[in-house]
Amino acid sequence: MTRQPTIKDVASKAEVSFKTVSRVLNGEPHVRKEVRDRVLAAAAALNYRPNIAARGLSGAPSRLIGFLYDNPNYSYVTEAEIGALLSCRRAGYHLAVEPVDSRSDVGVQLEQILTSLRLDGVILTPPISDDRAAIAVLDRLGVNHVRLAPHGDHDQSPCVFIDDTQAAYAMTRHLLDLGHRMIGFVEGHPDHGAAPLRLAGYQRAMHEHGLAPAADQIVPGYFTFESGMEAGRQLLSQSDRPTAIFAANDKMALGVMAAARDLGLAVPHDLSVAGFDDNRAARMGRPQLTTVRQPIEDMCAAAAGMLIDLAAGARLAQTANQLDFQLVPRDSTAPLCS
């Protein structure tokens, strides 16, 4: 039988010490990129998978779920994390929270995490939930995973989501029913799968009312407060400014409200503003924000529950788990004054 490669084999092939190999595989900082790349290449060439082997030898689950995130919206991350923690606690599991930089090689980062932690499964939050390299690594290593709010391909692997397109459509219809026709839209981060879905819902509602939004009525955003402020200034500085603005998340909507205040506009008397998510800040602002409630905590609790079931050898009743959204009208929107 072929001998399994050891950490010393990797060190020999990479021409470094075995302690350096350990530091690289554990994702420790202060290792030169050239050395890190050489070690990872040697480990890949030798098919060195220490924790995958350990997983196979240990018949019992590790009772540890991984939570991977790279999201500028920390309110979203916090609510998702709470949902996963509650679900894990009820089942006697622990949660390992790991940041991932989607601007770098996500597959390499994921392999480093999996070599240092023996996980029963991984929750992938946006935008990692649409990263093909990450999913390929998990599939190759046989690690169960659940994607949170992916753009599509709901049959590809287990996932939890809402109908982002229908939710954005419902919010746009709400603004139209209030009499608004000049409705600006602030897009979400282009790397997040939900962003084009929410734009599509807005556009469909507008087109159904015979309205074709001008190009300057749709402005880019990045799911941050600062990008919402910039988008608000851009939309509200137009000669034919909108009477309502729908932002693709709450943080950007709050940024739009701040820009309106800076320009001397009162919300909702001069401008109606709506968001998406219903995070805590949406309820703390004045006026309180009209928004779409995305059940982020429940979504992540469901994702963790699916992974716990899979670790126990259960068969999932459904792999594509769609939860309901809710339209939440508050004081930041009002009927258009004639």
Can you tell me how far apart [atom1] ([X]) and [atom2] ([Y]) are? Round to the nearest 0.5 Å.
| X | Y | atom1 | atom2 | value |
| --- | --- | --- | --- | --- |
| E98 | D70 | CD | CG | 13.0 Å |
| D240 | L235 | CG | CG | 11.5 Å |
| D177 | L336 | CG | CG | 13.0 Å |
| L124 | I135 | CG | CD1 | 6.5 Å |
| M252 | I245 | CE | CD1 | 11.5 Å |
| L119 | F67 | CG | CZ | 13.5 Å |

How close do [X] and [Y] get, counting heavy atoms only, and between which atoms?
| X | Y | answer |
| --- | --- | --- |
| D164 | A194 | OD1-CB, 3.8 Å |
| L95 | C88 | CD1-SG, 4.2 Å |
| Q294 | R198 | NE2-NH2, 3.4 Å |
| L175 | T333 | CD2-CG2, 3.8 Å |
| I296 | A80 | CG2-N, 3.6 Å |
| N321 | A302 | ND2-CB, 3.8 Å |

Give a yes or no on whether the backbone of [Y] and the side-chain of [X] come within a donor-acceptor separation of less than 3.5 Å.
| X | Y | value |
| --- | --- | --- |
| D120 | R63 | yes |
| Q238 | D216 | yes |
| T243 | L271 | no |
| D130 | H151 | yes |
| R233 | A259 | no |
| T165 | L197 | yes |
| S12 | K8 | no |
| N279 | A282 | yes |
| S332 | V273 | yes |
| Q109 | D105 | yes |

Same apolar cluster (I L V M F W Y, side chains within < 4.5 Å links), [X]/[Y]:
| X | Y | answer |
| --- | --- | --- |
| L148 | V292 | yes |
| F223 | M257 | yes |
| L176 | F246 | yes |
| V267 | V328 | no |
| M299 | I82 | no |

- For R173 and Y169, does a side-chain donor sit closer than 3.5 Å to a side-chain acceptor?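 Per modelled atom types, R173 and Y169 side chains form a pair under 3.5 Å.
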
Might you confirm whether atom [atom1] of [X] has over 12 heavy atoms from other residues, nucleotides or ligands at distances under 6.0 Å?
| X | atom1 | result |
| --- | --- | --- |
| D155 | CG | no |
| Q326 | CD | yes |
| R283 | CZ | yes |
| R315 | CZ | no |
| H94 | NE2 | no |
| R280 | CZ | no |

Do the non-hydrogen side-chain atoms of [X] and [Y] ever get within less than 4.5 Å of each other?
| X | Y | value |
| --- | --- | --- |
| Q203 | I218 | yes |
| D9 | K13 | no |
| R241 | M182 | no |
| I113 | V100 | yes |
| V137 | V106 | no |
| V77 | T125 | no |
| C300 | E81 | no |

- Task: Specify whether Y222 and H189 have parallel, tilted or perpendicular ring planes, treating 30° as the upper limit for parallel and 60° as the lower limit for perpendicular.
- Result: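 Correct class here is perpendicular.
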
- Message: Students often mix this up, so state it plainly: with edges at 30° and 60°, are the rings of Y202 and F185 parallel, tilted or perpendicular?
- Response: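 The arrangement is parallel - the two ring planes meet at less than 30°.
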
- CA sep, side-chain torsions, deciding dist, call: H154, Q322, side-chain contact (heavy atoms from CB on, under 4.5 Å): CA-CA 10 Å; H154 294 151; Q322 180 175 329; over 6 Å; no

- Starting from the C-alpha separation in whole Å, work towards a yes-or-no answer on side-chain contact (heavy atoms from CB on, under 4.5 Å) for I183 and H209. CA-CA 12 Å; I183 302 174; H209 277 69; over 6 Å; no

- Show your reasoning for whether side-chain contact (heavy atoms from CB on, under 4.5 Å) applies to Y76 and K251. CA-CA 10 Å; Y76 180 102; K251 268 199 166 183; over 6 Å; no

- Query: Taking it one step at a time, do R204 and T172 satisfy side-chain contact (heavy atoms from CB on, under 4.5 Å)?
  - Reply: CA-CA 9 Å; R204 176 157 64 90; T172 309; over 6 Å; no

- Which one of N249, D278, D277, D250 satisfies the side chain to side chain donor-acceptor pair (under 3.5 Å) criterion with T291?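 Result for side chain to side chain donor-acceptor pair (under 3.5 Å) with T291: D250.
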
- Message: Let's go through D37 and K33 carefully: what are the C-alpha distance in whole Å and the side-chain angles of both, what is the deciding distance for salt bridge (charged side-chain N to carboxylate O under 4.0 Å, His left out) to 0.1 Å, and is it a yes or a no?
- Response: CA-CA 6 Å; D37 291 345; K33 183 178 186 301; 2.7 Å; yes

